**Q** 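Just passing along the structure, written as structure tokens.
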Amino acid sequence: MLDIARVWVEFARELAPGARAPVRLLPLDPVRWTHLVPGDRITLYENALPGGTATVLEVRPPEERPPRVRPPTG
């Protein structure tokens with residue numbers, strides 16, 4: 001099973017090999033990520049080979065979206 005997330009580098013357009021920077025992860029399925037706590041180390045993959053590691057600094061629950069309200073018709 002894969003825990004897939006969108007990842008982006010904070011405050012920079014790109015991250016050079018071997019460089020460090022804060023990144024954000026947006027999990028495809030947040031339930032599969034609930035076990036993580038600050039201090040956990042995770043391995044990041046872009047393909048079959050490890051592409052880097054990360055230390056979890058903060059965990060936020062997914063934001064609830066308010067229900068969509070359709071405008072009245074007629």
Side-chain angles (χ1 to χ4, degrees):
M1 295 296 268
L2 298 175
D3 297 320
I4 300 170
R6 180 176 176 212
V7 61
W8 65 93
V9 179
E10 296 255 292
F11 317 115
R13 289 196 110 118
E14 59 185 48
L15 185 61
R20 297 173 143 222
V23 299
R24 297 247 178 214
L25 298 174
L26 179 61
L28 180 64
D29 182 359
V31 172
R32 296 191 44 83
W33 295 72
T34 58
H35 65 283
L36 293 174
V37 296
D40 283 350
R41 290 186 57 86
I42 60 175
T43 303
L44 306 173
Y45 292 86
E46 191 170 347
N47 54 40
L49 300 173
T53 60
T55 301
V56 176
L57 301 177
E58 178 183 29
V59 176
R60 292 186 188 178
E63 293 180 16
E64 289 189 31
R65 292 184 179 183
R68 285 181 65 173
V69 177
R70 294 181 186 254
T73 59

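Everything numeric in this text was worked out from a predicted model, so none of it was measured.
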**Q** Leu25, Tyr45: one ILVMFWY side-chain cluster at the under-4.5 Å cut-off?
**A** no
**Q** Crowded around Glu10 CD? As in, over 12 foreign heavy atoms under 6.0 Å?
**A** yes
**Q** What heavy-atom pair brings Ala5 and Pro27 nearest, and what distance separates the two atoms?
**A** CB-CA, 3.7 Å
**Q** Could you tell me whether the side chain of Thr43 reaches within less than 4.5 Å of the side chain of Pro50, counting heavy atoms only?
**A**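 Sidechains of Thr43 and Pro50: in contact.
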**Q** Could you measure the distance from the OG1 atom of Thr53 to the CG atom of Leu44? Nearest 0.5 Å is fine.
**A** 7.0 Å
**Q** Give, for atom CH2 of Trp33 and atom CD1 of Ile4, the distance between the pair rounded to the nearest 0.5 Å.
**A**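 So the gap between those two atoms works out to 9.5 Å.
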**Q** Is it possible for you to say whether Leu26 and Val59 belong to one hydrophobic cluster, with membership spreading through side-chain heavy-atom contacts below 4.5 Å?
**A**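 No, Leu26 and Val59 fall in different hydrophobic clusters.
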**Q** To the closest 0.5 Å, what do you measure between NE2 (His35) and CG (Asp40)?
**A**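 It comes to 6.5 Å.
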**Q** Is the number of heavy atoms from other residues, nucleotides or ligands within 6.0 Å of CD (Glu58) greater than 12?
**A**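 Yes.
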